Amino acid sequence: MKILIAGGAGYIGSVLVPKLQTLGYKVNVLDLFWFGNHLPEETGVVHKDIFHVEESDVMGYDVVIFLAGLSNDPMAEFSPGMNFISNAAAPAYLAYTSKKAGVRKFIYAGSCSVYGYTVNEFFDEDSPTVSDYPYGISKLQGERAVMQLADYGFSAITLRQGTVCGYSPRMRLDLVVNTMFKTSVLGNQIIVNNPLIWRPVLAISDAVEAYIQSINADPDISGIFNVASGNYTVGEIAEYVKEEVGKIMKLDISINTKNIDDKRNYKVSCQRAKDILKFIPKNNIKTIVDNLHENMDRFRDFDNPNYYNIEVFKKLKVDLI
Ligand SMILES: NC(=O)c1ccc[n+]([C@@H]2O[C@H](COP(=O)([O-])OP(=O)(O)OC[C@H]3O[C@@H](n4cnc5c(N)ncnc54)[C@H](O)[C@@H]3O)[C@@H](O)[C@H]2O)c1
């Protein structure tokens, strides 16, 4: 099976691509390489903007996956115009071009951030999507454009991911568990902006499993699926990180709690992904921390700006809109 991953050189792609290769898939990556290239040498790469993709670029692939765009709130807020173009128009254009070129399956990296601010109930894929901030709105628009193309010959799958955490060769330290791990190790401290806020967390290896299950899903299956390893309050995440890092590194870590408002608060049900995609998450905060600890020597330069998307993005010589 031949797979093209747009944005495959990013944080998620840099774990997904090698895993797919070990399973025997032929994987090529189309990317702008904002964060460099940490992919296995055998990966076929196309250095190209999605907006310059032609039918010939996607022809012959069985599956096209969208992992590109601006992947967090700070980037989206730094350049809202570019955010809407990259997160809404780019997946729309790539899915449209893929379908026209005869690709049979398109998988979109969606986000639970589309849910916005909810109050203490589990949201499933039919619940209201009320986000009112650039990242959440744009991820919903991208998702809608992709999903409206689904039909008998074109499977469209959106994975609404929780915050992905864990080690990747293209490391990010701006994701909640990763950030808490870093500050625990570096300064024996975890800062919690608001302990009561809910966040679904998705271990990167569980994210990879969700993509594999989607690739292998019956071609008749299209749909939107929440994917998370678990739902936690930010306060709970901090307690688990403190406990696990404290235990394995023999550190005494303090939690510094603030009460800053947050526009994102949601917990999600992953029942549909479990029933239809047979997605079975295997991780929790403890195993994510263990995974970070095992790989720590690979990102010990904690202040490397490449680990913080907004730092790289601010320096990019792209035409910000
Ligand atoms: N990481 C998370 O916690 C998380 C959670 C939910 C959803 N998502 C979504 O998953 C996807 C991947 O996330 P990530 O953390 O791996 O992102 P990332 O920021 O690490 O990587 C994004 C990649 O896309 C590339 N890219 C951006 N615009 C492009 C364009 N126009 N043409 C070609 N390449 C382009 C960049 O060069 C980069 O390699 C994103 O769509 C993000 O919104 C991520």
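This is a predicted model, so every value here is computed, not measured. Indexing begins at 1, ligand by ligand and atom by atom, following the structure's order. In what follows, every heavy atom counts, from backbone to side chain, and hydrogens, waters and symmetry copies are set aside.
With a 6.0 Å radius and a threshold of 12 heavy atoms from other residues, nucleotides or ligands, Asp261 has its CG atom at or below the threshold. Heavy-atom contacts from other residues, nucleotides or ligands closer than 6.0 Å to OH of Tyr240 number 12 or fewer.
Between the side chains of Asp124 and Ser127, at least one donor N or O lies within less than 3.5 Å of an accepting N or O. With 3.5 Å as the limit, one finds a donor-acceptor pair spanning the side chains of Asp301 and Tyr307. Looking at Ser205 and Asn291, their side chains never bring a donor and an acceptor atom within 3.5 Å of each other. Judged by distance alone, the side chains of Glu239 and Tyr232 never bring a donor and an acceptor atom under 3.5 Å apart.
At a heavy-atom cutoff of 4.0 Å, ligand 1 is contacted by no atom of Asn72, backbone or side chain. Heavy atoms of Phe313 found under 4.0 angstrom from ligand 1: none, in either backbone or side chain. For Leu175, every heavy-atom contact with ligand 1 shorter than 4.0 Å involves the side chain, none the backbone. Contacts between Phe51 and ligand 1 below 4.0 angstrom, taking non-hydrogen atoms only, are absent altogether.
Closest to atom 41 (O) of ligand 1, if we only count protein heavy atoms, is Ala68 O, 2.7 Å. Nearest to atom 22 (C) of ligand 1 among the protein's heavy atoms is Leu67 O, 3.7 Å. Shortest contact from atom 31 (N) of ligand 1 to any protein heavy atom: Asp49 OD1, 3.0 Å. Taking atom 20 (O) of ligand 1 as the reference point, the nearest protein heavy-atom neighbour is Arg170 NH1, 2.6 Å. Nearest protein heavy-atom contact of atom 32 (N) of ligand 1 is Ile50 N, 3.0 Å. Nearest protein heavy-atom contact of atom 23 (C) of ligand 1 is Gly7 O, 3.7 Å. Regarding atom 33 (C) of ligand 1, its nearest protein heavy-atom neighbour is Lys48 O, 3.5 Å. Ranking the protein heavy atoms by distance from atom 13 (O) of ligand 1 puts Ile12 CD1, 3.7 Å first.
Listed by atom number, the atoms of ligand 1 under 4.0 Å from Tyr135 heavy atoms are 7 (C), 8 (N), 42 (C), 43 (O). Every atom of ligand 1 with a heavy atom of Gln161 under 4.0 Å away is listed here by number and element: 6 (C), 7 (C), 8 (N), 9 (C), 10 (O). Those atoms of ligand 1 that come under 4.0 Å of a heavy atom in Thr163, given as number and element, are 3 (O). Close contacts of ligand 1 with Ala9, meaning ligand atoms under 4.0 Å from a residue heavy atom, involve 39 (O).
No chain of hydrophobic side-chain contacts below 4.5 Å, direct or via other Ile, Leu, Val, Met, Phe, Trp or Tyr residues, connects Ile224 to Leu140.
Looking at Val29, Leu32, Leu159 and measuring to atom 30 (C) of ligand 1, the nearest heavy atom belongs to Leu32. When the heavy atoms of Ser111, Gly69, Ser71, Gly162 are ranked by distance to atom 5 (C) of ligand 1, first place goes to Gly162.
Between Cys112 and ligand 1 there is no heavy-atom distance shorter than 4.0 Å. Using a 4.0 Å heavy-atom cutoff, Arg172 is listed among the residues neighbouring ligand 1. The closest approach between any non-hydrogen atom of Ala90 and ligand 1 is not below 4.0 Å. For the pair Lys139 and ligand 1, a heavy-atom separation below 4.0 Å is found.
The backbone N or O of Arg170 lies less than 3.5 Å from a partner atom in the side chain of Ser168, making a donor-acceptor pair. Remark: the backbone N or O of Leu173 is not paired with any side-chain donor or acceptor of Lys182 at under 3.5 angstrom.
Put simply, the side chain of Thr129 reaches to within 4.5 Å of the side chain of Arg144, judged on heavy atoms.
Only one option out of Val185, Asn188, Leu292, Thr183 pairs with Val245 in a side chain to side chain contact (heavy atoms under 4.5 Å, CB included); it is Val185.
For a threshold of 3.5 Å applied to N or O pairs, the pair formed by Val164 and ligand 1 contains at least one separation below that value.
Residues Phe123 and Tyr115 bring their aromatic ring centres within 6.0 Å.
Taking the six-membered ring where tryptophan is involved, the planes of Phe78 and Phe313 are perpendicular, since the angle between them exceeds 60° and thus also 30°. Ring geometry for Tyr96 versus Tyr93: interplanar angle of 30 to 60°, hence tilted.
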